[in-house]
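Basis for what follows: all heavy atoms, side chains included, without hydrogens, waters or symmetry-related copies. Owing to the predicted nature of the structure, the values given are computational and were not obtained by experimental measurement. Numbers restart at 1 for each chain; the letters A, B, ... are given by sequence-line order, proteins then strands.
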Number of protein chains: 2
Amino acid sequence: MTSTDLKKAGLKATMPRLRVFQILEENHKRHMSAEDVYKALIDSGEDVGLATVYRVLTQFEAAGLIARHHFGDGHSVFELDHGGHHDHILCVKCGRVDEFIDETIEQRQREIARNAGYEMTDHALYIYGICNSCRNK
Amino acid sequence: MTSTDLKKAGLKATMPRLRVFQILEENHKRHMSAEDVYKALIDSGEDVGLATVYRVLTQFEAAGLIARHHFGDGHSVFELDHGGHHDHILCVKCGRVDEFIDETIEQRQREIARNAGYEMTDHALYIYGICNSCRNK
DNA sequence: ATCAAAATGAGAATCTTTTTCATCTGAGTT
DNA sequence: AACTCAGATGAAAAAGATTCTCATTTTGAT
């Protein structure tokens with residue numbers, strides 16, 4: 001992420017924006033909430049407001065730089081939009097999140113949307129379960 | 001829904017519980033939020049508190065009488081658990097909701113969970129799109 | 001009818017997210 | 001490097017959804 005990238009998205013290259021992006025890069029394996037990002041920023045000595053974090057995350061989402069997910073526990077989590085679309089499988093015990101992509105399902109979804117008379121714009125699939133290590137406890 | 005049904009679920013047969021269930025039955029084609037149910041109750045002349053509606057809906061969900069969904073707009077909606085599991089396709093313009101069930105997808109989900117080492121407990125699939133009538137406007 | 005346990009209503013509290021607004025900053029322009 | 005101003009920011013207030021607290025009421029078994 002460079003100032004140039006931000007300008008392409010119609011956003012000024014400000015310090016909070018650069019830093020929010022850095023935090024997401026450093027944590028690219030996790031799914032972070034706005035609060036998580038905010039805390040990471042504060043811990044790193046940055047002086048940002050929570051409202052700015054929310055604003056920046058929403059702008060990044062609109063610009064297609066990051067993806068927002070609703071895992072069902074009431075708040076949004078974000079991740080860098082590396083590697084395009086994928087779905088999630090979550091452990092209801094420990095909160096672990098794995099990702100997957102299944103072409104059969106993608107295909108069927110498009111057919112279902114078409115049959116129902118919809119022009120599909122997006123979709124979200126969450127599988128909830130108990131992961132291996134939680135099952136062996 | 002009878003008093004006996006409630007007792008089977010380990011819940012006392014109280015007036016708010018019976019009435020919440022009735023409201024959901026009367027609106028079985030819609031997906032209602034807690035607020036929707038509350039307003040319907042008030043409009044019907046019932047004297048209930050919003051907190052009670054939330055409590056009762058949560059209890060009904062735990063008892064398997066109703067299903068809770070998160071359509072991504074920040075609040076939960078509920079529907080009677082008639083006819084078992086199904087997934088949803090939503091219009092992002094008008095909010096219309098259609099339901100579907102696809103055995104191919106159900107099947108693949110079970111396989112994906114197994115391959116990822118998860119014991120699947122639940123899943124949610126939302127397709128977002130623009131419905132026929134919104135497209136022709 | 002009696003009584004303990006469970007349930008309720010009202011309002012306070014909590015949590016996440018958005019809005020308001022006065023101040024500050026980025027990035028073209030002199 | 002100084003000038004300018006639209007856009008961006010932080011702090012605090014506000015909003016929206018949901019949960020909690022607690023005094024009071026109701027249920028269901030006796």
Self-check item: Side-chain N or O of A:Ser76 closer than 4.0 Å to phosphate OP1/OP2 of C:dT17
Solution: yes
Quiz prompt | Nearest-Å distance for atom pair CE/C1', residues B:Met15 and C:dG9 | solution = 11 Å
Quiz prompt | Pair listing, side-chain hydrogen bond (donor to acceptor under 3.5 Å, both in side chains) test, anchored in residues 122-132 of chain B, at least two apart | solution = B:His85-B:His123, B:Glu106-B:His123, B:Gln109-B:His123, B:Asn132-B:Asn136
Exercise. Answer yes or no: is there an ion pair linking B:Arg114 with B:Glu111, defined by an N-O contact shorter than 4.0 Å?
Key: no
Quiz item: Just checking A:Arg55: base, sugar-phosphate only, or nothing, at a heavy-atom cut-off of under 4.0 Å?
Solution: base
Quiz item: For DNA chain D, which residues in residues 19-52 of chain B have a heavy atom at a distance below 4.0 Å?
Solution: B:Leu50, B:Ala51
Quiz item: Under a criterion of less than 4.0 angstrom to any heavy atom of chain A, what are the 5'-terminal and 3'-terminal contacting nucleotides of DNA chain D?
Solution: D:dA6 to D:dA12
Exercise. Please find out if less than 6.0 Å separates the ring center of A:His31 from that of A:Phe78.
Key: no
Quiz item: When the distance from CD of A:Gln59 to P of C:dT19 is rounded to whole Å, what number comes out?
Solution: 13 Å
Quiz item: Expressed in angstrom and rounded to an integer, what is the separation of B:Arg17 atom CZ from C:dA7 atom P?
Solution: 4 Å
Self-check item: N-O pairing of A:Glu103 and A:Arg110 below 4.0 Å
Solution: yes
Self-check item: Whole-Å gap separating C1' (C:dT16) and CZ (A:Phe71)
Solution: 17 Å
Quiz item: Under a 4.0 Å N-O cut-off, is there an ion pair linking A:Glu46 with A:Arg17?
Solution: no
Quiz item: Under 4.0 Å between a side-chain N or O of A:Tyr54 and OP1 or OP2 of C:dT18?
Solution: no
Practice problem: Give a yes or no on whether the ring-centroid distance for B:His86 and B:Phe100 is below 6.0 angstrom. | Solution: no
Quiz prompt | Non-hydrogen side-chain atoms of A:Ser76 and A:His70 separated by less than 4.5 Å | solution = yes
Quiz item: Whole-Å distance between C:dT25 C1' and A:Leu18 CG?
Solution: 14 Å
Quiz prompt | Length of the line joining B:Phe60:CZ and C:dA7:P, which is rounded to integer Å | solution = 11 Å
Quiz item: To the nearest Å, how far apart are A:Asp73 CG and C:dT16 P?
Solution: 9 Å
Quiz item: Can you find a side-chain donor-acceptor pair between B:Glu79 and B:His28 that sits under 3.5 Å?
Solution: no
Quiz item: Can B:Arg96 and B:Asp98 be counted as an ion pair, charged N to O under 4.0 angstrom?
Solution: yes
